[in-house]
Number of protein chains: 2
Amino acid sequence: MRIGELAARSGLTAHTLRYYERIGLLPYADRNRSSHRDYDASILTWIAFLDRLKTTGMPIREMVRYAALRNDGPATQAERREMLERHRARVRAHVAELQDCLLVLDTKIAGYAGTDERMQAHDTGPSGRRQPAGTRTPGAR
Amino acid sequence: MRIGELAARSGLTAHTLRYYERIGLLPYADRNRSSHRDYDASILTWIAFLDRLKTTGMPIREMVRYAALRNDGPATQAERREMLERHRARVRAHVAELQDCLLVLDTKIAGYAGTDERMQAHDTGPSGRRQPAGTRTPGAR
DNA sequence: GCTTGACTTCGAGCGCGCTCGAACCCCTAG
DNA sequence: CTAGGGGTTCGAGCGCGCTCGAAGTCAAGC
């Protein structure tokens, strides 16, 4: 597989794939006689994993470190495992934080909903309330 | 409150606070006779909310847009609400994606754990396993 | 034989979100 | 009167993760 096809199948651009090779995220690819990169399909698995690390916010230099360890063979497994465990802990913490923020967003949005109701009530006159007033969360901004 | 104290209480630097004012994230602060910014404590609530938006990955230019709408008064409430709803949807999707990634990480880490056991079994000989294999939770989060 | 298009290397540039330093001002305490 | 510490504006710089363009090579199809 050449770089164009890998780009299509991985969702990265050819530019990015070359960049990743340059910085050591992807192993140096074999070249054919025209010095075009010739990829094995198995690289897709690795790229997919890198994508997971990226999505979860691992900095590139850390991914590079992981890639280097992987390259160094089985002796580095313990260290790789520790890296992933540390990373997992960070991601879990981040998810918890996001869920916290989601609650805040919910409250805020509920506050706007309450305002809508009051405006609607105003528009349609004192007797025109469509929703009971109690729907609004009192502490909402 | 002057900028130094606000910095201390908000966790941002004075440099960042000035930057935020410059780009419109924070309202233009009143200056005292020495042209030092003089903040009201209520600004802390707004900064805390901005922090939530930032944590959840809202781009600054969008926060600036939100801040501008807020500044324009009640007429913009519907639009602000929509912004927050769209943002909430993105955050929820992102959380789901992260949870997906966590499963992958779990699997990967479990794989390394399996290797550890095999290595330990090898180190200590066929009869020397320290932990029953069943201790390992295969699908653990 | 020529065009086309996918590739190569190389180095510069970009968008984001700050971060920092220079040069200056003002207030207070010793 | 002076030193120090906090503030001011302004514009440049930085780290990250790409992104892009220039200039050249090569193989296939007309």
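Proteins get letters first, then strands, A, B, ... in listed order; numbering begins at 1 in each. Computed from a predicted model, the values in this text were never measured in an experiment.
- For B:Tyr66, the side-chain hydrogen bond (donor to acceptor under 3.5 Å, both in side chains) criterion is met by A:Tyr112, not counting sequence neighbours.
- The CZ atom of A:Arg70 sits 13.5 Å away from the CE atom of A:Met63 when rounded to the nearest 0.5 Å.
- Every side-chain hydrogen bond (donor to acceptor under 3.5 Å, both in side chains) that B:Asp40 has, sequence neighbours left out, goes to B:Ser42.
- On the nucleic acid side, DNA chain C contacts chain B at distances under 4.0 Å to non-hydrogen atoms, with the end points of that region at C:dC16 to C:dC27.
- Taking A:Tyr20 as the reference, A:Leu12, A:Thr16, A:Ile23, A:Leu25, A:Leu26, A:Lys54, A:Ile60 meet the side-chain contact (heavy atoms from CB on, under 4.5 Å) condition, with sequence neighbours excluded.
- When the shell of 6.0 Å around CG of B:Asn32 is examined, it contains more than 12 heavy atoms from other residues, nucleotides or ligands.
- Remark: A:Glu79 pairs with A:Arg65 by the salt bridge (Lys or Arg N to Asp or Glu O under 4.0 Å) rule, at least two apart or across chains.
- Counting any heavy atom pair closer than 4.0 Å across all strands shown, B:Arg37 reaches sugar-phosphate atoms only and no base atom.
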Task: Protein proximity profile, nucleotides 22-30 of chain D - base contact B, sugar-phosphate-only contact S, no contact -, cut-off 4.0 Å on heavy atoms - done: ----SS---
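- Using five terminal pairs a side, the axes of the helix from C:dG1-D:dC30 to C:dG30-D:dC1 at its two ends make an angle of 20°, given in steps of 10 degrees.
- Of all heavy-atom pairs between A:Ala7 and A:Ala14, the closest is CB-N, 3.8 Å.
- The stretch residues 78-100 of chain A participates, sequence neighbours left out, in no ring-ring contact (aromatic ring centres under 6.0 Å, His included) pair at all.
- Ion pairing between a basic and an acidic side chain is recognised when a charged N comes within 4.0 Å of a carboxylate O; A:Glu62 and A:Arg90 show such pairing.
- Applying the side-chain contact (heavy atoms from CB on, under 4.5 Å) rule to B:Arg37 yields the partners B:Ile3, B:Arg18, B:Glu21, B:Ala29, B:Arg31, B:Tyr39; only residues at least two apart in sequence or on another chain are considered.
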Task: Steps toward salt bridge (Lys or Arg N to Asp or Glu O under 4.0 Å) verdict (B:Asp72, B:Arg80) - done: CA-CA 11 Å; B:Asp72 287 351; B:Arg80 278 182 272 158; over 6 Å; no
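- Contacts of residues 41-63 of chain A with DNA chain C (heavy atom under 4.0 Å): none.
- Between A:Gly24 and A:Ala67, the shortest heavy-atom distance links the atoms O-CB, 3.6 Å.
- Rounding to the nearest 0.5 Å gives a distance of 9.5 Å between CG of A:Asp100 and OG1 of B:Thr55.
- For DNA chain C, none of the residues of residues 23-31 of chain B falls under the heavy-atom distance limit of 4.0 Å.
- Near DNA chain C, defined here as any heavy-atom distance below 4.0 Å, the residues from residues 2-14 of chain A are A:Arg2, A:Ile3, A:Gly4, listed numerically.
- Here the closest heavy-atom approach between residue A:Glu85 and residue B:Ile109 is recorded as OE2-CG2, 3.6 Å.
- Residues A:Leu105 and B:Arg52 form no side-chain contact, since every pair of their non-hydrogen atoms from C-beta on lies 4.5 Å or further apart.
- For the atom pair CG (B:Leu50) and CE (B:Met58), the distance works out to 9.5 Å, reported to the nearest 0.5 Å.
- Listed for the A:Asp38 side chain is no donor-acceptor partner under 3.5 Å among the backbone atoms of A:Arg2.
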